[in-house]
Amino acid sequence: IFQTGGVIKSSLVNEEGTVIAHEDRDVVLSAASYASLPVVQKMRASSINNGLSAYDWEGKSYWGAFRKLDFAGAGVVTYADAEVVFRAVNNIQRWNFLLMAAVTSLAVIFVFFFARQFSGHILRLVEASREIENGRFILDLKPETTDEIGLLTRSFVSMGRGLQERANL
């Protein structure tokens with residue numbers, strides 16, 4: 001009797017596909033045939049000693065592997081339900097997708113508010129340029145930042161004062 005655990009099932013089969021050893025004693029005692037099992041069929045037809053493949057059997061997807069032994073045409077076949085095997089992978093993919101969606105959403109929100117704040121400073125400078133264009137040179141504009149926008153704001157105020165002084169001459 002084979003001792004297997006978890007989701008993987010193993011059997012020793014002869015060249016006809018009859019079970020010689022299995023974790024369930026009754027399967028061995030009944031001389032069950034796994035000849036219709038696709039992994040056993042692949043083992044029997046293969047010219048190489050081992051292989052691995054995915055297959056569908058009785059409405060379910062499986063992963064199966066085989067290893068031919070050097071005596072009596074026997075081989076060890078191992079198989080597992082694909083749904084059970086990939087359950088953890090599917091959960092990881094789902095969590096990765098949710099994490100990606102959350103991070104992307106936060107990034108979009110951050111960019112939106114940053115762009116809105118940035119465009120507000122630019123719109124105030126556009127309004128100041130319209131004031132200067134209309135001959136109102138003294139601007140009620142105070143730099144709110146110390147970056148390039150703040151520097152540009154100070155330059156606008158200074159330019160307005162300079163234009164007012166020229167207009168007064």
Side-chain angles (χ1 to χ4, degrees), residues 2-11 22-24 34 36-43 45-67 75-169:
F2 276 10
Q3 289 292 100
T4 60
V7 299
I8 298 172
K9 305 293 181 196
S10 294
S11 301
H22 189 274
E23 67 180 344
D24 184 353
Y34 278 7
S36 65
L37 193 66
V39 70
V40 174
Q41 292 174 353
K42 188 168 185 167
M43 180 189 78
S46 179
S47 61
I48 58 174
N49 285 339
N50 57 31
L52 171 71
S53 65
Y55 61 90
D56 291 327
W57 188 54
E58 296 182 350
K60 289 181 91 177
S61 294
Y62 291 89
W63 277 92
F66 68 86
R67 171 73 173 150
V76 176
V77 293
T78 302
Y79 52 95
D81 184 338
E83 181 183 331
V84 175
V85 170
F86 289 111
R87 186 175 293 144
V89 172
N90 293 335
N91 285 337
I92 290 169
Q93 284 180 331
R94 187 175 16 266
W95 279 107
N96 282 344
F97 177 78
L98 292 173
L99 180 63
M100 178 199 65
V103 168
T104 302
S105 297
L106 288 173
V108 167
I109 290 169
F110 175 77
V111 167
F112 172 77
F113 285 111
F114 178 75
R116 190 170 171 202
Q117 183 181 12
F118 185 75
S119 65
H121 294 301
I122 298 295
L123 290 174
R124 282 192 287 282
L125 289 173
V126 168
E127 185 59 37
S129 67
R130 287 191 184 129
E131 293 286 323
I132 290 174
E133 186 178 27
N134 291 329
R136 291 183 290 278
F137 302 125
I138 301 301
L139 302 172
D140 184 25
L141 194 61
K142 303 213 180 344
E144 297 176 13
T145 62
T146 58
D147 60 1
E148 292 83 0
I149 298 296
L151 180 61
L152 187 57
T153 303
R154 283 189 289 282
S155 295
F156 258 82
V157 171
S158 177
M159 178 181 66
R161 277 194 223 118
L163 290 172
Q164 183 65 43
E165 289 174 9
R166 285 192 191 116
N168 289 340
L169 291 179

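Numbers for residues simply follow the sequence, beginning at 1.
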Which heavy atom of [X] sits nearest a heavy atom of [Y], and at what distance?
| X | Y | answer |
| --- | --- | --- |
| Gly150 | Pro143 | O-CB, 3.7 Å |
| Ser11 | His22 | OG-CD2, 2.9 Å |
| Met43 | Gly75 | SD-CA, 3.7 Å |
| Leu52 | Lys42 | O-NZ, 4.1 Å |
| Phe156 | Ala128 | CD2-CB, 4.0 Å |

In Å, rounded to the nearest 0.5 Å, how long is the span from [atom1] of [X] to [atom2] of [Y]?
| X | Y | atom1 | atom2 | value |
| --- | --- | --- | --- | --- |
| Phe66 | Ile48 | CZ | CD1 | 5.5 Å |
| Met100 | Ser105 | CE | OG | 9.0 Å |
| Trp63 | Ser53 | CH2 | OG | 7.5 Å |
| Leu139 | Glu127 | CG | CD | 10.0 Å |
| Ser36 | Gln41 | OG | CD | 6.5 Å |
| Ile132 | Ile138 | CD1 | CD1 | 9.5 Å |

Contact check, side chains of [X] and [Y], non-hydrogen atoms, under 4.5 Å:
| X | Y | value |
| --- | --- | --- |
| Met159 | Leu163 | yes |
| Thr153 | Lys142 | no |
| Leu125 | His121 | no |
| Phe113 | Ile109 | yes |
| Ile8 | Val85 | no |
| Val111 | Phe114 | no |
| Val7 | Asp81 | no |

Exercise. How about Asn90: does its CG atom have over 12 heavy atoms from other parts shown lying under 6.0 Å from it?
Worked result: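 Yes.
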For this session: Please work out whether the ring planes of Tyr62 and Tyr55 are parallel, tilted or perpendicular, with thresholds of 30° and 60°.
Result: parallel
Problem set entry | From Arg87, Arg94, Gln93, residue fulfilling side chain to side chain donor-acceptor pair (under 3.5 Å) relative to Asn91 | Arg94
Exercise. Run the side-chain contact (heavy atoms from CB on, under 4.5 Å) check on Val157 and Arg161 step by step: do they pass?
Worked result: CA-CA 6 Å; Val157 171; Arg161 277 194 223 118; 3.2 Å; yes
Between [X] and [Y] (side chain of the first, backbone of the second, donor and acceptor by atom type, cut-off under 3.5 Å), is there such a pair?
| X | Y | result |
| --- | --- | --- |
| Asn134 | Arg136 | no |
| Ser129 | Val126 | yes |
| Ser158 | Arg154 | no |

